Every structure is written in C-alpha cells, then in structure tokens.
*Asks:* 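Let me give you the structure first, and then I'll get to my questions.
When a residue number appears, it is its place in the shown sequence, counting from 1. Every value quoted in this text rests on a predicted model; they were computed, and no experiment measured them.
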Amino acid sequence: MTATDLTLRNARPSGGEPVDILVRDGRIAGIRPAGTVPASGEVVDVAGRTIGPGLWDAHVHMTQWVIQRRRIDLTETASAAEVLAAVRRAVDTDAPLTDGFLMGYGFRDGLWAQPATLAALEATESDVPVVLVSGDLHCAWMNTRAARRLGLDLDASGVVAEAPWIEALQRIDQHSGLAAHAYRDAADAAARRGVVGVVEFENTDNLGEWSERIADGATSLRIEAAAWPDRLESVIAAGLRTGDAIDPAGLLTMGRLKVVVDGSLNTRTAWCWDPYPGVDPSSAHACGVESVSVDELRRLLERARGAGIEAAVHAIGDRANTEVLDTFEALGMRGVIEHAQLVREQDFARFASLGLIASVQPEHAMDDRDVADRHWSGRTGRAFAFGSLHRAGVGLRLGSDAPVSPLDPWQAIASATSRSRDGRDAWHPEQRLPLDVALAASVRTSIAVGQPADLVITDLDPFDADAERLRSMPVAATLLGGRFTWRAI
C-alpha cells in the first residue's frame, strides 16, 4: 500500500453493474465487481452512484470568468435603454470600479430596435470612464473619458470592436487587481460541477500566470494553456511544444497557438459569404471582418508547426471556416477550429477528411438562436450544426467560452442534446447530438485501468436524466489524479 492509495466501493459506471475501483499513484489500478477488490488506502463507499470520467471545458477565458462578478450585470438587458438604466443605477449606488473604470458585461445588441450611441452613454455618465463589454467579448460600448484613457478613437456609436478592443481589454485586465484566491475559488467552483480540466484561451501570458496561480494553491483543475500570436516567438524560444508539462505536478501543459480570423455573430463581424441584412453590400465589412489575413494565418501556422506547436483557430462565419479549412489543407496540418458556428454544406465533410476537431459551445446556440434567425436568415439549418458535424465524422469538443456561457459542462451537454432551453421548442432539432456523443466530447479519459483517476461521481445516471435535470446534475464528488477536489460523500 502507498500513501496515495484509494478504494472506491460500489461505484456504478453508466448503464453497468457496481464495481470497486482501486486508485494508486493517481491512476486507476484495478476495476473489479463490487466487493472483490481488497481495501487499500482510504476506502470510500460510493453507494451505487454513477461514476464517469471527469469533465473538461474546451474553451474558457478564466480571467474574464473570474472578473465578471465585479462588473455590472447586463446579461438580462434587452435594449440600449435597459443598459443605460443599469449604468445609472450603478453610478447612483457607487458600484465598485476596476482600476478607475466602471465596467459592465453581458449586453447583446443583435436584436436591439435602437442601436448604441455615444451621445446616449455620455448623457447617462460622462465623468466616470464607462466600459460596457458585450456578451461575446468582441466589442465594448464606452464613453469618451474611457476611450481617451485607453487611447481609442470613437465614432458616433461609441462602440469599439475586434482587434482594437481586444487589445484594450487585455490592458484593462492586467490592472484588474484580482487576488490569487479569486482563481482558486473559480477553480473550486468548477470542480464542484465535475470539471477536472479547462482549455485556457485568455489573451495573456497564460503559462506564466497559471504557474503562479498553481503555486498559490489553484490546484483543482488541469490547465491546457494557449498562446496568442504575440507570444508565439517567446514560447518557441523557450523550447515548448504542445503537450509539454510546465509544472512538476503536471497540472499545467502547453496548449495550442490561438489565432482569431474573424469576429462574432452578435457584433455582426463574423466573416460570411453573404452580407448581413440591412448592410450596404458594397461596404467594406458587409460580410463581416477578416481579423487576421489568410496569408498571415498561414505564416503563423507554418511557424508554429515547425516548432511542434499545434493550432486552434477561431472561425465563426462560413467564409472564415472555408478559409481556415483551406489553410489547414494547404499545410497538411491538423488542428482545432474554435466555434465553427456557420459552415457551408460542402465543408462539413472537409472537417473530417482533414482530421480537424470542431470545438463548439452548445449554449451559444441557445443564446443566439434569435439573433441567428435574423442575421443568418435562410442559413440557420447549418448554424451551430453539431449534428451535421457529427454525422460527417468530425471529432467534437464541447466548451462554454466562459464568461460568454457558464463554466458548467452539464449545461453544454444539455443544450447539445436538446437544442432547447427555458421551455422553448427545440431549435433545429436535427442538429441535436446523441447523449453518448456529447459526453465523449466533454471528457479526455475513460474508466479503464491505467487511465488517470480524473473522475466525477454523480447522484444520477446522465442517461436517466432529461435536459433540465442534466443542467442541474447533482455532483457528489470530483477527483483529480486520485485526490478529491470536491466531495459531498
């Protein structure tokens, strides 16, 4: 027996008979019928609860997820007027500032009857710098004082989008004053939902910052940390390759190069083949925005490939997805396409033939169904088309894009399998995923000897749960490398 031994009694793999599981040195060392494994180390009676592989969220922005609790909540607003009313309430109640900024998060203006204007925001608050971040993180509505402090130019809308805004958000976050315990708390909260790992896409020095957070006790999750293009050369100079362990415990690993080639649906900057409704087809951005040119994308991917670094490329519009597929094909390179929200019919099979993974966020389909019906009218049969991707043989990973959606894989699984939320009819039900496929897209391991003991124990078998019960799945325990990161048994 070693100090790290653990015996789990009477655990039931989904749809199977109860078993005993022996964990040794962080891995599953034995699986036998219940009552037949000799006790070793701590013995925990699971009492017939369901056991499965621990869950992963394949797309998060952890700093944004942590910090959103300090921002004005705009997620329930439905108009510019409601956003401005929330700002006024925050000013009147002396809401806390972030490095001198009054920050809000979560508005979605894709369905607003009246657009955002600088004049309206200035009339509401002009003395305090105000920055209101959209729900998809791709733009912000700000007043003149905030723009001047950030060195940004504003037009009559007061909205700054895509590259200039993303760079400004990074600078704001660097001065957010988040304490180490905020990340520990966020990691612990994820563990309480059965999460054992996340793919970190924050636009910052993820490797350096997560090394410090882990040293400070944020040890409830595995972190696969991406690098953005401005840090690619430093990662290469350090000799790091995708999959390399960064910390001695193996909690932090080098992830992929993250490249963003277009914008988002709500901001109407996703790069599409067809123009957005109501936009002059001859205008420069009628079909969205090419955030990174195809030539630059190819250069970045070639550079990364030569250094052993794999790629994760953000592509939302169907034109963006086509161009990214073309680039991967030209390079003979595998990788991940993040979001893949709108895809041409002829491109689904190309994902599979090129060996690409589609990393998708099912809650976005529920958040954006009405926006898609308006701005992608006539094309929504191939929007958020998880079913089409699966039927084409594409490997899937599910995520949240937290804070755009909650860091809770059970919600993603529920939306992927039901295409419904809040009592509404299923939206394009032909794009639903089978539950076994959604679960497989949310894990990295299996219940098998030799596998890491990254496990989740639930009070309910997922296959016995409807969509609403999946969303609130009761998690009894989570184990990471054989140690409990959450335990209610």
Side-chain angles (χ1 to χ4, degrees), residues 61 64 68 71-72 74-75 77 79-80 83-84 87 101 103-112 114-122 129-173 201-203 228-230 258-272 275-280 283-293 296-297 313-317 319-320 338-339 341-342 364 367-368 371-372 374-376 401 403-404:
H61 302 269
Q64 299 303 313
Q68 74 159 340
R71 295 172 174 167
I72 308 168
L74 305 176
T75 55
T77 59
S79 67
V83 170
L84 295 173
V87 171
F101 291 98
M103 300 287 295
Y105 168 76
F107 75 85
R108 297 174 183 272
D109 62 344
L111 298 174
W112 287 1
Q114 299 296 325
T117 68
L118 176 59
L121 184 53
E122 286 286 325
V130 177
V131 177
L132 309 175
V133 185
S134 66
D136 60 16
L137 302 176
H138 278 256
C139 71
W141 184 12
M142 64 185 70
N143 62 10
T144 301
R145 190 171 290 271
R148 286 175 179 165
R149 183 170 168 189
L150 294 169
L152 297 171
D153 295 324
L154 293 179
D155 61 19
S157 71
V159 175
V160 179
E162 302 309 331
W165 160 242
I166 291 171
E167 190 276 333
L169 179 60
Q170 181 183 4
R171 285 188 278 125
I172 292 171
D173 290 344
F201 281 120
E202 197 69 77
N203 185 8
W228 285 55
D230 61 342
K258 169 72 177 296
V259 186
V260 177
V261 302
D262 72 337
S264 70
L265 167 58
N266 273 277
T267 311
R268 280 82 72 202
T269 49
W271 191 22
C272 299
Y276 287 89
V279 178
D280 181 355
S283 65
H285 300 308
C287 295
V289 173
E290 182 185 5
S291 301
V292 170
S293 71
E296 176 65 1
L297 173 66
V313 183
H314 163 122
I316 287 182
R319 176 71 183 272
E338 297 292 333
H339 307 303
Q341 287 185 4
L342 187 66
H364 292 2
D367 291 333
D368 294 343
V371 179
R374 174 178 293 186
H375 295 292
W376 287 344
D401 204 8
V404 183

*Asks:* Go through the side-chain N and O atoms of Q341 and H364 and say whether any donor and acceptor fall under 3.5 Å apart.
*Replies:* no
*Asks:* Given side chains that start at C-beta, do those of L154 and W141 come closer than 4.5 Å, heavy atoms only?
*Replies:*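 No. Closest side-chain heavy atoms not under 4.5 Å.
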*Asks:* Inspect the contact between D368 and R268 and indicate whether a charged nitrogen and a carboxylate oxygen are less than 4.0 angstrom apart.
*Replies:*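 Salt bridge: no.
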*Asks:* Which of these passes side chain to side chain contact (heavy atoms under 4.5 Å, CB included) with V292: V259, V260, V313, D262?
*Replies:*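 Among V259, V260, V313, D262, the one meeting side chain to side chain contact (heavy atoms under 4.5 Å, CB included) with V292 is V259.
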*Asks:* Going by heavy atoms in the side chains, are Y105 and L137 under 4.5 Å from each other?
*Replies:*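 Sidechains of L137 and Y105: in contact.
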*Asks:* Keeping the roles fixed (side chain from N143, backbone from V130), state whether a donor-acceptor pair exists under 3.5 Å.
*Replies:*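 Yes, because the side chain of N143 sits within donor-acceptor range (under 3.5 Å) of the backbone of V130.
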*Asks:* Considering all heavy atoms of both residues, which atom of A286 and which atom of V279 are nearest to each other, and what is their separation?
*Replies:*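 Shortest heavy-atom contact: CA-CG1, 3.6 Å.
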*Asks:* Do you know which of H285, E162, H138 makes side-chain hydrogen bond (donor to acceptor under 3.5 Å, both in side chains) with T269?
*Replies:*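 Among the candidates, only E162 passes.
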*Asks:* Would one find more than 12 heavy atoms of other residues, nucleotides or ligands at under 6.0 Å from atom CG of D153?
*Replies:*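 Counting other residues, nucleotides and ligands, CG of D153 stays at 12 neighbours or fewer.
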*Asks:* Test side chain to side chain donor-acceptor pair (under 3.5 Å) on D136 and S134; report intermediate values, then the result.
*Replies:* CA-CA 5 Å; D136 60 16; S134 66; 2.6 Å; yes
*Asks:* Looking at every heavy atom in both A270 and I316, which two are closest together, and how far apart are they?
*Replies:* CB-CG2, 3.6 Å
*Asks:* Is there side-chain contact between V133 and Q68, with heavy atoms separated by less than 4.5 Å?
*Replies:*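 V133 does not reach Q68 side chain to side chain.
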*Asks:* Kindly compute the distance separating CZ (R148) from CE (M142), expressed to the nearest 0.5 Å.
*Replies:*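 One gets 13.5 Å once the value is rounded to the nearest 0.5 Å.
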*Asks:* Give the minimum heavy-atom separation between L84 and A120, together with the two atoms involved.
*Replies:*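 L84 and A120 have their closest heavy atoms at CD1-CB, 3.7 Å.
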*Asks:* Of all the heavy-atom pairs spanning P115 and A80, show the shortest one and how long it is.
*Replies:* O-CB, 4.3 Å
*Asks:* Say whether E122 and T144, considering side chains only, have a donor N or O and an acceptor N or O under 3.5 Å apart.
*Replies:* yes
*Asks:* State, with a plain yes or no, whether a side-chain heavy atom of C139 is found less than 4.5 Å away from one of V159.
*Replies:*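 Yes, close enough: below the 4.5 Å cut-off.
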*Asks:* NE2/H375 to CG/L265 distance, rounded to the nearest 0.5 angstrom?
*Replies:* 7.0 Å
*Asks:* Check whether more than 12 heavy atoms from other residues, nucleotides or ligands sit under 6.0 Å from atom CZ of R171, and answer yes or no.
*Replies:* yes
*Asks:* Give, for atom CD1 of I172 and atom CZ of F101, the distance between the pair rounded to the nearest 0.5 Å.
*Replies:*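 With rounding to 0.5 Å, CD1 (I172) is 5.0 Å from CZ (F101).
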*Asks:* Could you tell me if S157 and D155 have a donor-acceptor pair between their side chains, going purely by distance under 3.5 Å?
*Replies:*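 Yes, a side-chain donor-acceptor pair sits under 3.5 Å.
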*Asks:* With ring pair (Phe, Tyr, Trp, His ring centres under 6.0 Å) as the test, would you mind laying out the steps for W228 and F201 before giving the verdict?
*Replies:* CA-CA 8 Å; W228 285 55; F201 281 120; 8.1 Å; no
*Asks:* Taking all heavy atoms of G263 and all of S291, pick out the closest pair and write down the distance.
*Replies:*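 Heavy-atom minimum between the residues: N-OG, 4.0 Å.
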*Asks:* Taking C-beta and beyond as the side chain, do Y276 and C287 meet within less than 4.5 Å on heavy atoms?
*Replies:* no
*Asks:* Can you name the nearest heavy-atom pair linking V131 to W165, along with the distance?
*Replies:* CG1-CH2, 3.6 Å
*Asks:* Does V404 reach the side chain of Q64, with side-chain heavy atoms less than 4.5 Å apart?
*Replies:* no
*Asks:* In sequence, state the C-alpha distance, the side-chain angles, and the governing distance for K258 and D230, and then conclude on salt bridge (Lys or Arg N to Asp or Glu O under 4.0 Å).
*Replies:* CA-CA 10 Å; K258 169 72 177 296; D230 61 342; over 6 Å; no
*Asks:* Is the side chain of T77 donor-acceptor paired with the backbone N or O of L74 at a distance under 3.5 Å, no angle test?
*Replies:* yes
*Asks:* For H314 and H339, take the angle between the two ring planes, folded into 0 to 90°, and tell me which bin it lands in: parallel under 30, tilted 30 to 60, perpendicular over 60.
*Replies:* perpendicular
*Asks:* Determine whether W376 and C272 make a side-chain contact, defined as any pair of heavy atoms from C-beta on separated by less than 4.5 Å.
*Replies:* yes
*Asks:* When rounded to the nearest 0.5 angstrom, what distance separates CH2 in W271 from CG in L342?
*Replies:*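 It is 13.5 Å, given to the nearest 0.5 Å.
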*Asks:* Taking the side chain as everything from C-beta on, heavy atoms only, tell me whether R108 gets closer than 4.5 Å to D367.
*Replies:* yes
